[in-house]
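Input: a single structure, listed below in structure tokens.
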Amino acid sequence: MYNTDVMNDNKNIIDSDDLISQTPSKLDNAKTVGNIHVEDPRIIAKNINVYYDNKIAINNVSIDIGKNEVLAMIGPSGCGKSTFLRCFNRMNDTIESCIVEGELYLDNENILDKKTDVVPLRAKVGMVFQKPNPFPKSVYDNVAYGPKIHGMAKNKIELDEIVIKSLEKAGLYEEVKDRLDTPGTSLSGGQQQRLCIARTIAVNPEVILMDEPCSALDPIATARIEELIYELKENFTIIIVTHSMQQAARVSQRTAYFHLGSLIEVGSTDKIFTTPQHKLTESYITGRFG
Amino acid sequence: MSITSILLIIGLFSISGYYAGLKKSLVLRENKKFHSAPIYHGALLAINSSLSSIFFIISWLIIEKNFYTDLESFRNILYIISIIIFLTVSLLTFKKIKHDFQARDNLEKIIQYFLLVCSLLAILVTIGIFLSVIFESNKFFGVISITEFLFGTHWSPQMPIREDQAGSSGAFGAVPLFAGTFLIAFISMCIAGPIGLMSAIYLSEYASKKTRSIVKPLTEILAGIPTVVYGFFAVVVVAPFIRNTGSNFGIEIASESALAAGLVMGIMIIPFVSSISDDVINSVPQNLKNGSLGVGATKSETIKKVIIPAALPGIIGGLLLAVSRAIGETMIVVMAAGMSANLTANPFEAVTTVTVQIVVLLVGDQEFDSPKTLAAFALGLVLFIITLILNYIALHVVRKYREQYE
């Protein structure tokens with residue numbers, strides 16, 4: 001898989017025009033630019049490879065994610081950022097043809113280990129999806145779903161408390177407090193997405209993964225969610241995949257740029273958007289492709 | 001000359017007509033841009049002329065059969081006129097072929113009407129069946145009152161041939177028949193419902209692609225077995241087995257029992273339930289499953305708390321369709337359930353169903369004016385109405401469910 005000759009020869013010469021048209025496997029020589037490490041890492045990803053039916057989707061990606069930081073992952077469609085995100089809660093397990101290799105440490109435990117139980121992992125690492133996906137149940141039952149499954153509440157009063165707190169944290173409580181028993185699907189798109197965030201928060205996660213959480217929402221609902229992300233960062237580590245560079249700039253501290261399955265550049269969001277070091281990052285940010 | 005040979009001639013003429021139209025438009029196209037492609041001109045010519053002469057032949061035959069039988073001696077005239085019509089229409093259409101003649105639009109219109117007739121045919125046949133059954137039932141209800149038929153609890157369809165005949169007073173209370181029908185349908189749904197549903201859950205959620213590709217077609221083979229073969233199975237294997245098992249426990253079970261028929265019918269319906277439930281479960285969006293898995297629910301929790309509730313309306317619709325199938329099923333019950341019209345809820349006894357009685361009433365030499373045979377039509381009518389209502393509700397439920405996610 002690795003072509004060592006090419007790797008040594010071209011270590012520092014990366015021609016962007018060439019790379020855009022390349023397939024992922026030819027990008028082996030692309031070395032991540034910027035600092036992948038942080039001082040106090042919460043999550044450490046080491047040499048992650050992901051394959052779909054032997055086709056490589058993520059190619060040797062390593063990155064640290066700090067405590068209470070928002071990491072934005074950007075890149076053109078099909079660059080593997082969502083696939084990479086789904087490694088953090090082993091959601092890729094649900095796809096039969098998907099194989100994940102490498103090491104991914106959360107609190108010093110390799111979560112990619114076969115022995116890791118995904119049920120507590122997914123409670124610890126919550127996920128918000130691209131399309132709001134409330135269950136066809138009441139608003140209350142949507143939020144209470146996780147706590148009930150994990151037996152987090154001893155009685156109805158405790159459960160009520162968890163539900164209300166989660167809705168408050170998601171900034172939705174005021175809007176729905178009078179109609180907790182109406183179906184979650186009857187809310188507006190933005191409210192539905194905040195309901196899904198409340199559902200995720202309700203099981204006390206430590207990390208929240210967001211897969212383009214605003215792509216199905218209008219600008220006002222988007223602004224609401226972005227504010228929410230800003231508030232949530234106090235208590236959670238957040239990894240967000242987004243197609244909107246403005247959004248990445250607004251909500252994140254660090255940004256990672258993916259291209260054709262490789263992590264091209266990582267750095268503080270300010271630096272990535274003002275002085276990108278890699279040619280590919282620069283052309284993506286300036287809108288030359290993507 | 002016969003009708004067959006004249007039709008053959010018309011067919012041959014049509015082929016030559018097609019080539020004539022094709023040729024003319026091909027030649028004319030050399031000089032001027034044509035509205036329609038040459039094949040449309042040829043096809044229109046052939047279809048136009050053959051349809052009009054066939055239409056003439058059919059109308060002639062209908063008139064001859066129903067109104068003027070003497071016309072039969074003028075058959076030769078029919079043949080000649082139909083050929084003349086063919087040639088005239090061909091010539092007229094042939095003359096019309098010009099650069100701006102809209103042959104394509106004309107042809108498409110003809111095809112459209114043809115398709116319309118095809119779809120109306122199914123509806124008309126259904127209406128025809130319904131009317132004929134109503135007509136015959138009406139005669140029956142002229143002799144036996146409708147309340148006696150619907151609410152009477154005694155069924156013994158005999159009619160005295162002579163006034164003074166002994167022991168042959170008839171009774172036409174259909175309640176035991178419907179009770180038997182629903183008892184057997186209930187037993188079969190107790191088998192088919194849970195097993196079908198669970199196999200659907202396994203196939204759609206747990207089975208690997210490879211297992212699914214083997215198991216699913218195999219279950220569907222069950223649906224292709226002729227019901228008479230199921231009947232053998234019920235009589236030869238299941239009924240004796242049930243009787244022997246019963247006698248081991250000191251329970252007396254008739255050799256023809258509702259249980260045996262219901263069990264086998266349940267097996268027959270399994271693929272029906274499982275394939276509809278499988279479709280419905282598969283159409284629950286992956287998104288919802290992800291949402292549940294994403295908060296740390298296990299697969300079985302996701303199935304129980306999210307997938308099944310979301311798919312429930314569709315599953316119920318599928319079950320209702322299966323029930324109407326079970327109610328209308330004939331062959332298994334004829335062979336395995338018995339003939340005696342007992343009003344009982346005991347599955348170990350022999351019962352009879354509506355379909356069985358229809359068969360019994362109509363088999364053999366029968367006169368179609370005695371209440372005995374007419375009763376079959378009344379039974380058929382009620383059965384038809386019940387399954388119609390069930391199907392309507394089921395389809396309605398399934399469609400409403402589909403709209404929810406699309």
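Residue numbering restarts at 1 for every chain, and letters A, B, ... go by the order of the sequence lines.
- Both the backbone and the side chain of V119(A) come within less than 4.5 Å of a heavy atom in chain B.
- The contact between F135(A) and chain B is made by backbone and side chain atoms together, counting heavy-atom distances below 4.5 Å.
- Although no hydrogens or angles enter the test, the distance criterion places no donor-acceptor pair under 3.5 Å between the side chain of K305(B) and the main chain of Y145(A).
- Both the backbone and the side chain of R199(A) come within contact range of chain B, judged by heavy atoms closer than 4.5 Å.
- In terms of heavy-atom pairs under 4.5 Å with chain A, the best-connected choice from P309(B), S208(B), S292(B) is S292(B).
- Under a cut-off of 6.0 angstrom, the local environment of CG in N54(A) is sparse, with at most 12 non-hydrogen atoms contributed by other residues, nucleotides or ligands.
- Chain B forms more heavy-atom pairs under 4.5 Å with one residue of E96(A), Q130(A), K148(A), M127(A) than with any other, namely E96(A).
- Between M91(A) and L293(B), some side-chain heavy-atom pair lies under the 4.5 Å cut-off.
- Within 6.0 Å of CD1 in I157(A) there are 12 or fewer heavy atoms belonging to other residues, nucleotides or ligands.
- Contact annotation for V128(A): neither backbone nor side-chain heavy atoms come within less than 4.5 Å of a heavy atom of chain B.
- Residue Y206(B) qualifies as enclosed at atom OH: its count of foreign heavy atoms under 6.0 Å is above 12.
- With a 4.5 angstrom heavy-atom cutoff, P120(A) does not touch chain B via any of its atoms.
- For a residue to count as touching a neighbouring chain, one of its non-hydrogen atoms must lie under 4.5 Å from one of that chain's; by this rule K137(A) touches chain B with the side chain only.
- Heavy atoms of other residues, nucleotides or ligands lying less than 6.0 angstrom from CD1 of I220(A) number 12 at most.
- Summarising the local packing, CZ of F186(B) is surrounded by 12 or fewer heavy atoms from other residues, nucleotides or ligands at distances under 6.0 Å.
- Nearest approach of I149(A) to A297(B), heavy atoms of both residues: CD1-CB, 3.4 Å.
- The 12-atom threshold is not exceeded at NZ of K131(A), counting heavy atoms of other residues, nucleotides or ligands nearer than 6.0 Å.
- Side-chain contact between N290(B) and R86(A): present, with at least one pair of heavy atoms (C-beta onward) separated by less than 4.5 Å.
- Residue contact with chain A, scored on non-hydrogen atoms closer than 4.5 Å, involves the backbone and the side chain of K209(B) alike.
- Between P136(A) and L288(B), the shortest heavy-atom contact is CD-CD1, 3.8 Å.
- Considering only heavy atoms from C-beta on, P132(A) stays 4.5 Å or farther from N287(B) through its side chain.
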